[in-house]
Amino acid sequence: MPTTTIDGHVIHVDDEGFMTEYTEWSEPLGKALAAQIGIEMSDEHWKAIRFLRTDFADQGETATLRRVSVLGGIPTKQLFVLFPQKPAKKMAYVAGLPKPHGCV
Amino acid sequence: MRDLLILGGGTAGTMVANKLRKRLERDAWRVTVVDRDDVHPYQPGYLFLPFGGYTEQQVVRSRHAFIADGVDLVLGDVDRVRPEANTVTLTDGRTLPYDYLVIASGTTPRPDQTPGMLGTEWRRRIFDFYTLDGAKALAEALKRFDHGRLVVHVTEMPIKCPVAPLEFAFLAEAWLRQKGVRDRVELTYVTPLPGAFTQPVASAHLGSMLDERKIAVEPDFMVERIDEERKTLVSYDEREVPFDLLVTVPLNMGADFVARSGLGDELNYVPVDKHTMLSRKHDNIFALGDASDIPASKAGSVAHFSVEIFVENFLEHVAGLPMTGAFDGHANCFVESGDGKGLLIDFNYDTEPLPGKYPLPRIGPMDLLKETRANHLGKLAFRWVYWNVLLPGRPIPLPALMSMAGKETEPTTATQER
């Protein structure tokens with residue numbers, strides 16, 4: 001896997017820039033990743049990202065939008081406001097988790 | 001006498017009952033299957049019904065016919081599981097005790113979960129094809145459809161048979177062409193995922209299939225509601241896709257009794273260990289097939305391969321031994337692509353679909369990630385295998401765990417889309 005440097009952090013990423021090592025992530029890095037895609041982190045953004053981090057540690061999978069809405073307590077509509085157009089993908093990117101995918 | 005109770009007599013439940021009946025001593029174990037009806041559908045066949053490809057008789061049989069002697073089939077609706085008492089109560093008041101419980105109650109399309117889906121246009125302009133009634137109604141609608149906007153839509157992942165909506169789009173495109181009306185129809189594929197293909201190697205090999213067929217793709221579309229008046233899909237971020245005929249895959253959910261019993265996640269799937277399918281909460285409850293939350297495709301092949309691993313594990317578990325088998329998420333799916341051809345994909349938790357040959361390296365006869373006539377014939381032949389070999393629990397000479405033999409790990413012929 002290639003490495004890249006974001007805001008002084010050296011991280012392992014896949015060819016789309018998604019982090020591949022769960023433990024390399026930190027909140028300052030999350031903030032820098034968000035800035036890369038034009039998002040300035042608010043408390044509400046952090047609520048979603050912290051839920052994703054915790055849920056991944058427990059489940060081993062990136063939470064779906066439904067999971068963030070039902071268990072994380074942020075309505076889907078609001079996730080589209082916080083992370084416009086592609087909330088599932090953008091949240092995974094900022095949280096340093098694998099992006100959502102189908103089987104083919 | 002110990003009781004093995006299986007909730008659901010579909011692909012997974014029937015295989016478990018038949019395989020374990022042969023392995024568990026009759027004077028020591030009672031095996032019981034509960035289902036709400038005596039109708040066993042061959043669900044892959046639903047895909048062909050809208051195009052007149054199969055008759056109802058070819059895709060539906062009696063559950064009884066496939067459940068071995070020595071297994072009790074109880075018809076009734078499950079009210080709830082009471083894990084603290086090791087019992088299951090049915091809505092008619094009966095109580096069934098268990099020592100070990102297998103939840104194999106599958107997943108069900110729920111059009112009621114999207115506002116406007118189950119309204120005045122349901123089965124008029126809005127259809128599903130994952131139910132027998134839906135597939136039959138859609139066949140009638142397609143006969144009359146000769147121009148306009150045909151939209152194939154996936155509400156939310158996960159869905160069972162995740163390639164089926166793509167197959168439907170390919171088959172519809174070919175069918176419209178054969179009817180001579182293809183140029184009068186706008187065909188659009190609407191998906192909540194970032195694209196029709198999302199895995200790198202599959203995208204590189206197959207990404208152009210939609211372009212070539214002039215099927216427009218609307219990616220990252222999370223439907224919030226259907227505007228019935230304007231016959232339009234509306235997303236959470238206010239995008240709109242109008243339709244004249246909508247073929248949708250509604251939200252899929254596990255059985256409601258799973259939720260009532262406190263055993264489900266946010267979509268009523270039972271959280272289990274992804275290698276053993278043992279409940280994370282209860283040491284005597286397993287969930288198999290589509291009913292569990294394992295991050296594999298909800299598909300008959302996954303049910304089949306995981307049951308093979310489960311059966312050996314179960315015998316160890318009830319003997320007080322550690323379970324030594326570990327399911328790898330192996331799935332193997334035919335993908336119809338129209339004009340009498342099909343693709344085949346073979347993958348697991350860790351390995352994405354790759355090109356190559358299956359099941360025999362270099363020989364095949366199936367080609368992976370490639371459109372061939374042999375793959376289509378394989379898909380058609382599988383219906384016979386399902387009824388006659390798979391459900392009765394007879395051995396199939398295919399390894400349960402995925403094999404890398406026959407797969408090309410460095411695809412050199414891949415052409416990148418755009």
Side-chain angles (χ1 to χ4, degrees), chain A residues 1-2 13-22 37-39 44-45 48 51-52 54-95 97-104, chain B residues 113 154-159 161-163 165-166 191-203 205-207 209 219-224 235-239 251 253 265-267 271 273-274 280 293-299 302 329 331 333 335 343 345-349 352-353 369:
Chain A
M1 285 291 176
V13 291
D14 68 11
D15 45 16
E16 275 191 276
F18 284 77
M19 290 180 64
T20 55
E21 298 297 324
Y22 180 86
I37 53 171
I39 289 173
E44 215 177 355
H45 287 97
F51 171 78
L52 274 141
T54 315
D55 194 61
F56 185 90
D58 189 38
Q59 304 290 323
E61 294 293 322
T62 306
T64 59
L65 292 185
R66 175 170 296 266
R67 212 169 154 84
V68 179
S69 120
V70 175
L71 301 178
I74 307 166
T76 306
K77 192 99 183 163
Q78 187 59 13
L79 293 174
F80 273 92
V81 174
L82 295 170
F83 302 91
Q85 279 124 27
K86 301 184 176 192
K89 196 170 176 178
K90 287 181 175 175
M91 286 193 298
Y93 179 78
V94 174
L97 300 174
K99 74 180 160 83
H101 60 75
C103 68
V104 284
Chain B
Q113 299 289 315
V154 178
T155 300
E156 193 174 317
M157 297 305 286
I159 56 169
C161 196
V163 291
L166 209 47
T191 171
L193 289 168
F197 298 100
T198 56
Q199 296 282 12
V201 179
S203 301
H205 280 253
L206 312 176
M209 285 181 74
D220 296 300
F221 191 96
M222 280 290 282
V223 69
E224 183 180 23
S235 72
Y236 280 101
D237 53 347
E238 316 289 339
R239 285 146 70 201
L251 180 70
M253 292 176 78
D265 68 6
E266 69 283 359
L267 284 170
D273 177 88
K274 70 177 184 178
R280 295 212 208 161
D293 77 334
I294 61 171
S297 288
K298 294 194 179 298
V302 173
C333 302
V335 185
L343 300 142
I345 51 176
D346 192 61
F347 56 101
N348 69 11
Y349 289 141
E352 65 178 302
L369 271 190

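Note: hydrogens, waters and symmetry copies are ignored here, and every other heavy atom, side chains too, is used. Chain letters run A, B, ... following the sequence lines, proteins first and then strands; every chain starts at 1.
In this structure, chain A has a heavy atom under 4.5 Å from the side chain of Phe347(B), while its backbone stays farther away. Contact annotation for Leu267(B): only side-chain heavy atoms (C-beta onward) come within less than 4.5 Å of a heavy atom of chain A. With a 4.5 Å cut-off on non-hydrogen atoms, Val104(A) touches chain B through its backbone and its side chain both. Looking at Leu251(B), only its side chain comes within 4.5 Å of chain A, counting heavy atoms on both sides. In this structure, chain A has no heavy atom under 4.5 Å from any part of Glu352(B).
Contact of the Cys103(A) side chain with the Val163(B) side chain is registered, since non-hydrogen atoms from C-beta on lie closer than 4.5 Å. Counting heavy atoms from C-beta outward, Asp220(B) and Gln85(A) have side chains that stay 4.5 Å or more apart. Within the 4.5 Å cutoff, no side-chain heavy atoms of Glu224(B) are placed close to those of Thr76(A).
Per-residue heavy-atom pair counts under 4.5 Å with chain B were compared for His101(A), Lys86(A), Arg66(A), and the maximum is reached by Arg66(A). The candidate from Arg239(B), Glu238(B), Glu266(B), Arg280(B) with the greatest count of non-hydrogen atom pairs under 4.5 Å with chain A is Glu266(B). Between chain A and the options Ala196(B), Pro219(B), Pro158(B), Pro295(B), heavy-atom pairs under 4.5 Å are most frequent for Pro295(B). With respect to chain B, the highest number of heavy-atom pairs below 4.5 Å among Lys99(A), Lys89(A), Glu61(A) belongs to Glu61(A).
Pairing each heavy atom of Asp293(B) with each of Gln59(A), the nearest pair is OD2-OE1, 4.1 Å.
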Show your reasoning for whether side chain to side chain contact (heavy atoms under 4.5 Å, CB included) applies to Glu156(B) and Leu65(A). CA-CA 9 Å; Glu156(B) 193 174 317; Leu65(A) 292 185; over 6 Å; no
Do Met157(B) and Thr64(A) pass the side chain to side chain contact (heavy atoms under 4.5 Å, CB included) test, and can you show the C-alpha distance, the side-chain angles, and the key distance before you say yes or no? CA-CA 8 Å; Met157(B) 297 305 286; Thr64(A) 59; over 6 Å; no
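Taking CE of Met222(B) as the reference point, atom CG of Leu79(A) lies at 9.0 Å (rounded to 0.5 Å).
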